[in-house]
There are 2 protein chains.
Amino acid sequence: MMTHCHTLIAALRQQGCRMTPQREMIVEALAHSGCHMTAEEVLEIVRQKTSAVNIATIYRTLDLLVDHGLATRADLGEGRVVYATIRHGPHIHLVCRRCGRAQEADTALLASVVDTLREQYHFCCDTSHLALYGLCEVCQQIEDRIRDA
Amino acid sequence: MMTHCHTLIAALRQQGCRMTPQREMIVEALAHSGCHMTAEEVLEIVRQKTSAVNIATIYRTLDLLVDHGLATRADLGEGRVVYATIRHGPHIHLVCRRCGRAQEADTALLASVVDTLREQYHFCCDTSHLALYGLCEVCQQIEDRIRDA
DNA sequence: TTCCTTGCAAAGGCTTTGCACACCG
DNA sequence: CGGTGTGCAAAGCCTTTGCAAGGAA
């Protein structure tokens, strides 16, 4: 059975990209994370195997994956740009403006909003690239405590 | 009658901030625009009156307004951070990923989504800081034409 | 062999900061 | 006057790019 990681590598090859140890490690890191990652986080994972990878290569490879439709890039704002492989289907990022962590929610939540935007605003909304800001459960409690104190 | 601009300036004073010609011009630019602006756009407006304002002062003043609850900052991603005074009530930014322009939509659209997020994900969503990405009407037509060609 | 990929370092773009001077209150 | 606010220039941060050397096919 092909792992998701191998599927991605095969797809890159098929599309005429050369495979290198660096690219393999980067794809592996992103595919195994099961979640979205920043370029810096990918570098960290890859560095656990070898120090012979440059941050520029990370950026170039992530862009390559996005350009070939094998990964998505989501700009969460505040300078946080995250990547995820496509198996990791569309989802909404729920970004906590206090701790910065992001949980994920089902895109289906937005179906009716997307329809309304198309009908009333003629705007074609891309739900694969979506972040909502607010407070996560933990930080809500922390802020409550601060307010009470 | 107090203009919105004067209201903001009075509020700043009340909160112990000193008023300077620079701050007045910056507040005026943002209050009169009736829309969200980047720091660079504010500078452009202010520069029409005088060249004696530095971009650092724009950033400092915009931060001041946000910190005092008189303006909001929204990170639209791709390095576009926009500011708006609070009279300019909450709204959704519909950002076109092709031309970069942002139109606005009513926050009420998201009411049910916000409720669901709170109930199912325990996430308290802040709708005053919100951007959705996609294609505006014009760019949809352009992309359609490119695809057909 | 060809020419795609990489590492390195430098350059970008946007934003923040340190400092001395200006000036509001 | 005292202390905040400003301009300037430099530094930061994240990301991209030019170039020569390395290496996949």
Side-chain angles (χ1 to χ4, degrees), chain A residues 8-30 36-44 46-47 49-68 70-83 95 100, chain B residues 8-30 36-44 46-47 49-68 70-83 95 100:
Chain A
L8 292 170
I9 290 172
L12 272 187
R13 268 193 220 279
Q14 271 189 340
Q15 298 192 45
C17 297
R18 289 184 183 172
M19 203 40 53
T20 65
Q22 290 91 332
R23 287 186 173 176
E24 276 180 21
M25 286 187 288
I26 292 166
V27 169
E28 199 179 335
L30 197 63
H36 44 77
M37 307 170 78
T38 64
E40 209 61 50
E41 285 164 354
V42 174
L43 179 66
E44 226 169 85
V46 172
R47 278 277 162 82
K49 288 203 163 185
T50 170
S51 62
V53 178
N54 192 275
I55 186 69
T57 301
I58 306 278
Y59 279 110
R60 284 191 278 228
T61 303
L62 291 174
D63 286 347
L64 188 82
L65 288 167
V66 172
D67 291 345
H68 287 76
L70 301 172
T72 58
R73 177 183 15 237
D75 189 328
L76 302 184
E78 319 279 312
R80 282 194 305 284
V81 178
V82 294
Y83 298 81
V95 184
Chain B
L8 292 170
I9 290 173
L12 272 188
R13 268 192 218 280
Q14 272 189 339
Q15 298 192 44
C17 298
R18 289 183 181 171
M19 205 39 55
T20 65
Q22 290 91 334
R23 287 186 173 175
E24 276 181 20
M25 288 187 288
I26 292 166
V27 169
E28 201 179 335
L30 196 63
H36 44 78
M37 307 171 77
T38 65
E40 209 62 51
E41 285 163 354
V42 174
L43 180 65
E44 228 169 83
V46 173
R47 280 275 163 83
K49 288 203 163 185
T50 170
S51 60
V53 178
N54 192 275
I55 185 70
T57 301
I58 305 279
Y59 279 110
R60 283 191 278 228
T61 303
L62 291 173
D63 286 347
L64 188 81
L65 287 167
V66 172
D67 290 346
H68 287 76
L70 301 171
T72 57
R73 176 183 16 236
D75 190 327
L76 302 183
E78 319 279 311
R80 281 195 306 283
V81 178
V82 294
Y83 298 81
V95 184

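Lettering of chains follows the sequences in order, A, B, ..., and the numbering in each one begins at 1. All heavy atoms count here, side chains included; hydrogens, waters and symmetry mates do not.
The closest side-chain heavy-atom distance from A:R73 to A:L62 is not below 4.5 Å.
Within the structure, a side-chain polar atom (N or O) of B:R13 is placed less than 4.0 Å from OP1 or OP2 of C:dG25.
Spacing between atom CZ of B:R73 and atom P of C:dC14 amounts to 17 Å, rounded to whole angstrom units. If you take CD of B:E41 and P of C:dG13, they are 17 Å apart, rounded to a whole angstrom. Put simply, CD1 on A:I9 is 11 Å from P on D:dA25, counting in whole angstrom units. The CG-P distance, from A:D75 to D:dC13, rounds to 19 Å in whole Å.
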Exercise for review: Give the B/S/- string for nucleotides 5-12 of chain C, one per nucleotide from 5' to 3', where a protein heavy atom under 4.0 Å of the base yields B, of only the sugar-phosphate yields S, and otherwise -.
Suggested key: SBBB----
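Applying the salt bridge (Lys or Arg N to Asp or Glu O under 4.0 Å) rule to pairs touching residues 14-30 of chain A yields A:E28-A:K49, sequence neighbours excluded.
B:D67 meets the salt bridge (charged side-chain N to carboxylate O under 4.0 Å, His left out) test with no other residue; sequence neighbours excluded. For A:A11, the side chain to side chain contact (heavy atoms under 4.5 Å, CB included) partners are A:L70, not counting sequence neighbours. Residues satisfying the side-chain hydrogen bond (donor to acceptor under 3.5 Å, both in side chains) criterion with A:N54, sequence neighbours excluded, are absent altogether. For B:S51, the side chain to side chain contact (heavy atoms under 4.5 Å, CB included) criterion is met by B:R47, not counting sequence neighbours.
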